[in-house]
Every structure is written in C-alpha cells, then in structure tokens.
Amino acid sequence: MKKVDHVGYSKYFIADEKHLEFHDRRLWALRKARDAEVSNITEWEELRGLASAIKEHTLTHLADYLEEFECNAKANGVIVHWASDAQEHNRIVLEILQSRQAKVLVKSKSMLTEECEMRPYLEARDITVVETDLGERIQQLDKQMPSHIVVPAVHKLATDVAELFSRTIGGKPDERSIPALAERQRQATRPLFLNADAGMTGCNFAVAETGGITVCTNEGNADLSANVPSLHIASIGIEKLIPKLEHLGVFVRMLSRNALGAPITQYTSHFRSPRQGGEMHFILVDNGRSERLAMDDFWYSLKCIRCGACMNTCPVYRRSSGLSYGGVYSGPIGAIINPTFDLKKYSELPFASTMNGSCSNVCPVKINIHEQIYKWRQIVAENNELSRAKKQSMKLAGKVLASPKLYRTAVKGALIAVEGLPRAVLYNPLNLWGRQRELPEAPPQSFHDWYEQRKAKS
C-alpha cells in the first residue's frame with residue numbers, strides 16, 4: 001500500500017477496484033452475519049433498549065461511578081491513575097515504565113492509545129512498543145493507523161500482507177495462505193511476549209461494583225500481554241464504566257454479534273487484581289470526554305461500545321476505507337466523534353454520509369448517529385468551516401430545490417447534459433465530485449415525467 005495522506009489515499013483506494021470490491025464485500029458480509037445472529041434473539045430490541053438505558057444512567061452519574069470504581073480497584077491492589085488528556089496519559093505510562101526500567105512493551109488492541117498517539121510518544125523515548133493483535137501489528141509494520149475499530153487491516157488483501165511480512169518479519173512474498181500468514185505473525189511475536197518487560201491492554205468494560213475490567217479479543221493476545229510480563233497497564237476511557245457485574249452480560253451478548261456476527265468473542269478476559277509478585281495499573285483517561293458529556297447534542301456518542309457495526313453497514317465507509325477519513329475513528333461513529341476533538345480538521349467528515357440511517361438502526365446502544373451527523377453539518381456551516389465550493393453548491397442547490405419548476409427544468413437539463421456534452425466538460429479540475437467517480441447512466445425519463453404519463457393514460 002502506498003503511504004499517502006488521507007485525501008490521496010482515498011483516491012488511490014477508490015481507483016483500485018480489486019481492493020475496493022473486496023473491502024465492500026467483506027464488510028457487508030459482517031453486516032449480514034450480524035443480522036443472522038440478531039434474528040436468533042427474540043429479545044434483541046429489548047437488549048438494545050436496556051444497554052442504552054444502562055449507558056445513559058452511567059453517563060448521567062459518571063462521577064459517582066468513577067469514584068466507586070477507583071475505590072474498589074484500589075482495594076483489589078490495583079494502582080489507579082487519572083489522566084486529563086492524551087499528554088498526561090502518555091506521561092503516566094512512560095513514568096511507570098521508566099520506574100521499572102522497562103524497555104519493551106507488548107500491547108493488545110486499544111483505540112484509546114491510538115487516540116493518544118502513545119506509541120510514537122514512547123518510541124521517541126527509547127521504549128519499544130509491539131502491537132500483538134494481528135491486524136494492529138500489520139498496520140504498525142506498514143506505518144498506518146487502524147482502518148477499522150475491530151478489524152484494523154480489513155482494507156488489505158492477503159497479497160498485501162505477504163509482501164509486507166516479507167519486508168519486515170520474514171516470509172514468502174507470494175504467500176497466499178491466510179493461516180500461514182497468521183502463523184508467521186505468531187512465530188515472530190511469541191518471543192517478544194516472553195521477553196517483554198511490561199504488557200498493556202485496553203478495556204471494553206469497567207465495572208464500578210467490582211473495580212475490575214473486561215477485555216474481549218479473538219486471539220488471546222490480551223491475556224498474554226496482561227499475564228506474561230509481571231507489569232500490566234490498562235488504558236481505560238472514562239466512558240467505559242458500567243455500574244454492576246450483572247450489566248456485563250447485556251453488553252457481552254451484543255458486542256461480538258454486532259462486530260463480527262459471532263455469538264461471543266473467543267476470549268472474554270476479566271482482570272481485577274495483580275497476580276502474585278506482579279503489578280497492575282489502571283489509567284482512567286478523559287481526553288475530551290467530559291467536554292463531550294456537556295454537549296447537549298453529542299453526549300450520546302459516549303455510549304459507543306466500539307463494535308464497528310455502523311462502519312460495516314455504511315455504504316460510504318465500505319467504498320472508501322477507514323484511512324480515507326484521516327482520523328483514528330472512521331466511519332459514521334468517526335464522523336461524530338472526531339469533530340469533538342478538532343472541528344476545523346474534521347469539518348468534512350459529517351458530509352461523508354448518505355444520511356440513510358442504517359448506522360443508527362444497527363447501533364446496539366441506540367446512538368442516533370445519523371441525526372448527530374446532520375447536527376454537525378449545521379455546526380460546520382454556522383462556524384463558517386464549509387469550503388467555498390461547498391458553500392456555492394449548497395446555495396445553488398437550495399435555490400433549485402426550493403422551486404419545483406426550477407428543479408424539473410434542472411433535471412431535464414442535466415439529462416441532456418449527461419448525454420450530449422463532451423466528457424471534458426463534466427470531468428475537469430473544477431468538478432471535484434468527478435475526480436473519483438463516474439456519473440451513472442442517465443435514465444430515459446425522470447420519475448415525474450413517468451408519473452405524468454401514467455396519470456394521463458389512466
């Protein structure tokens with residue numbers, strides 16, 4: 001894969017029909033598998049409602065549950081830290097590692113550490129960080145961000161991985177066997193586990209009642225990261241809290257079904273206290289979450305359990321890949337989370353949507369994703385963050401759509417233009433839309449003309 005900026009990557013990916021077709025087909029297969037699993041649970045909508053209610057209750061009492069979690073975790077022998085932002089999180093991790101003379105850190109998948117840009121921070125300070133999730137490791141070796149919350153390298157073909165491994169960790173560049181590629185990663189990573197000074201995990205759910213955390217994986221790498229080295233550090237977004245252990249069953253039932261169409265993850269690991277002779281650290285991270293919690297229109301996004309279902313169903317994401325979004329979080333959830341970090345930088349993302357509502361329909365915690373995307377569009381416009389071309393096109397579209405007569409005239413004119421104008425008129429540097437797309441073949445008549453004909457005959 002070429003190393004390009006996200007705009008350039010988008011052009012590259014869309015132009016590569018082989019990758020585009022695979023990406024679209026693979027993610028839609030996950031969506032169909034999810035639907036099949038959901039259809040087997042008659043109380044699915046009740047579960048969604050319950051999960052949403054638990055999250056809403058927790059977020060509206062978050063300070064209380066955070067204090068309860070801290071108190072119980074400390075009673076279990078865990079050392080608890082608080083980080084207000086990414087910089088403080090990274091500094092705390094570095095201080096823990098340096099105080100134990102740790103130079104090699106093995107870690108399982110964590111979107112929060114990606115969000116904090118922890119790996120480059122530590123590597124610049126002579127700490128070797130090894131991603132142990134297969135997809136994350138592929139992306140690390142290729143110097144790319146994850147392109148999906150659950151399946152980080154889903155945009156790559158086996159041929160891409162074989163070529164990458166041959167350059168980095170060994171193997172045949174023409175290898176086509178996926179099990180063989182996975183085995184190559186396993187053989188390269190096992191010695192790193194055995195010789196690591198520290199291990200790190202993320203956190204899917206943190207239970208206030210017990211002071212413990214739950215990590216869900218399909219490879220067992222979180223268990224190895226947490227248990228082989230004597231030092232275990234867990235990075236925990238403050239929104240990952242749930243009140244009681246009994247609530248965990250609701251979310252565990254939903255996570256893998258929504259993510260991969262599987263009844264449960266292969267490993268559902270519970271960490272509550274350090275093993276004998278070991279050390280366990282929990283870092284509770286805010287990094288803008290409190291500010292988002294205060295946003296009337298956007299605090300619902302804190303309910304997200306990072307299942308990726310909205311990405312698997314999104315027609316825009318499926319046909320562009322996550323790297324095209326330019327942020328750690330991509331797809332529909334990225335379109336509403338990323339602008340909370342930097343509105344100017346991510347002002348285009350809310351427009352990367354067809355507004356079909358499929359993302360909201362599949363969300364296991366009932367986040368109103370498409371409504372939040374629409375609200376962000378309003379805020380982008382109100383803050384004057386629209387590009388000049390978009391401003392002019394929106395103004396023109398507003399005039400046309402406000403007048404039925406003008407709209408019908410424009411439709412007829414467009415049909416004539418598509419059929420009769422030279423290609424250079426439609427596909428030129430001024431037509432940004434046409435840089436990456438081909439106009440579909442024009443229908444012989446508009447729906448309005450067809451309807452009027454039918455009405456005249458009846």
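Residue numbers run from 1 in the order of the sequence given.
Counting non-hydrogen atoms of other residues, nucleotides and ligands closer than 6.0 Å to NZ of Lys172 gives a total of 12 or fewer. Residue-environment remark: CD (Glu291) stays at or below the threshold of 12 foreign heavy atoms within 6.0 Å. At most 12 heavy atoms of other shown residues, nucleotides or ligands fall within 6.0 angstrom of atom CZ in Arg26. Annotation: Ile178, atom CD1; neighbour count of heavy atoms from other residues, nucleotides and ligands within 6.0 Å does not exceed 12. For Asp174, the CG atom counts as densely surrounded, since its 6.0 Å shell holds more than 12 non-hydrogen atoms of other residues, nucleotides or ligands. The 12-atom threshold is not exceeded at CZ of Arg190, counting heavy atoms of other residues, nucleotides or ligands nearer than 6.0 Å. Remark: Glu17 CD is loosely packed, at most 12 non-hydrogen atoms of other residues, nucleotides or ligands lying under 6.0 Å away. Enclosure of atom CD in Glu348 by more than 12 non-hydrogen atoms of other residues, nucleotides or ligands within 6.0 angstrom is indicated.
Annotation: ring pair (Phe, Tyr, Trp, His ring centres under 6.0 Å) contacts involving residues 179-223, sequence neighbours excluded, comprise Phe205-Phe251.
For His81, the ring-ring contact (aromatic ring centres under 6.0 Å, His included) partners are His281, not counting sequence neighbours. With sequence neighbours excluded, the residues forming a ring-ring contact (aromatic ring centres under 6.0 Å, His included) with Phe282 are Phe69, listed by chain and number. Residues forming a ring-ring contact (aromatic ring centres under 6.0 Å, His included) with Tyr121 (at least two apart in sequence, or on another chain): none. In this structure His23 satisfies the ring-ring contact (aromatic ring centres under 6.0 Å, His included) test together with Phe13, Tyr317, sequence neighbours excluded. Partners of Glu45 by side-chain hydrogen bond (donor to acceptor under 3.5 Å, both in side chains), not counting sequence neighbours, listed by chain and number: Arg48.
Within the 4.5 Å cutoff, side-chain heavy atoms of Ser235 are placed close to those of His89. In this structure, Asp197 and Leu231 have side chains that are not in contact, with every pair of non-hydrogen atoms separated by 4.5 Å or more. Side-chain contact between Lys244 and Thr210 is absent, with no heavy atoms from C-beta onward closer than 4.5 Å. Within the 4.5 Å cutoff, the side chain of Pro315 has heavy atoms near those of the Thr354 side chain. Side-chain contact between Phe298 and Leu293: absent, with no pair of heavy atoms (C-beta onward) separated by less than 4.5 Å.
Of the possible donor and acceptor atoms, none in the side chain of Asp142 sits under 3.5 Å from a partner among the backbone N and O of Gln144. Between the side chain of Ser52 and the backbone N or O of Gly49 there is no donor-acceptor pair closer than 3.5 Å. Checking side-chain atoms of Ser269 against main-chain N and O of Asp223 turns up no donor-acceptor pair under 3.5 Å. For Asn76 (side chain) and Val78 (main-chain N/O), no donor-acceptor pair under 3.5 Å exists by modelled atom type. At distances below 3.5 Å, at least one donor-acceptor pair connects side-chain atoms of Asn287 with backbone N or O atoms of Ala86. A donor-acceptor pair under 3.5 Å is absent between the side-chain atoms of Asp286 and the main chain of Asp85, judged by distance alone. Judged by distance alone, with hydrogens and angles left aside, the side-chain atoms of Thr340 form a donor-acceptor pair with the main-chain N or O of Ile337 at under 3.5 Å.
Ser321 and Ser147 share no side-chain donor-acceptor pair at under 3.5 Å. Asn221 and Thr132 share a donor-acceptor pair across their side chains, judged by distance under 3.5 Å alone. For the residue pair Asp297 / Gln372, no side-chain donor-acceptor distance below 3.5 Å is found, with atom types taken as modelled. For Glu88 and Trp82, the side-chain atoms include no donor-acceptor pair closer than 3.5 Å. Defined by atom type and a distance below 3.5 Å, a donor-acceptor pair is present between the side-chain atoms of Asp160 and His19. With hydrogens and angles left out, the side-chain atoms of Lys103 and Gln98 include no donor and acceptor closer than 3.5 Å.
Of the charged side-chain nitrogens involved, none lies within less than 4.0 Å of a carboxylate oxygen, so that Arg137 and Asp133 do not count as a salt-bridged pair. Ion pairing between Glu37 and Arg34 fails under the 4.0 Å rule for side-chain N and carboxylate O. Ion pairing between Glu371 and Lys375 fails under the 4.0 Å rule for side-chain N and carboxylate O. Between Glu382 and Arg377 there is no salt bridge, since none of the side-chain N atoms of the basic residue sits less than 4.0 Å from a carboxylate O of the acidic one. Using a cut-off of 4.0 Å between Lys/Arg side-chain N and Asp/Glu carboxylate O, Arg306 and Glu239 are scored as salt-bridged.
For an aromatic pair to be called close, the ring centres must be under 6.0 Å apart, and Tyr329 with His148 fails this. Outside the 6.0 Å centre-distance limit, the rings of Trp376 and Tyr346 are not counted as a close aromatic pair.
For the atom pair CD1 of Ile367 and CD1 of Ile333, the computed distance is 4.5 Å after rounding to the nearest 0.5 Å.
When all heavy atoms are compared, the tightest approach of Cys307 to Asn258 is SG-CB, 3.7 Å.
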CA sep, side-chain torsions, deciding dist, call: Glu136, Lys107, salt bridge (Lys or Arg N to Asp or Glu O under 4.0 Å):
CA-CA 10 Å; Glu136 283 280 355; Lys107 65 179 290 290; 5.7 Å; no
Determine, stepwise, if the pair Ser358 / Thr313 fulfils side chain to side chain donor-acceptor pair (under 3.5 Å).
CA-CA 7 Å; Ser358 179; Thr313 197; 2.6 Å; yes
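Tested against Glu131, the residues Arg119, Gln140, Gln139 include a single side-chain hydrogen bond (donor to acceptor under 3.5 Å, both in side chains) partner, Arg119.
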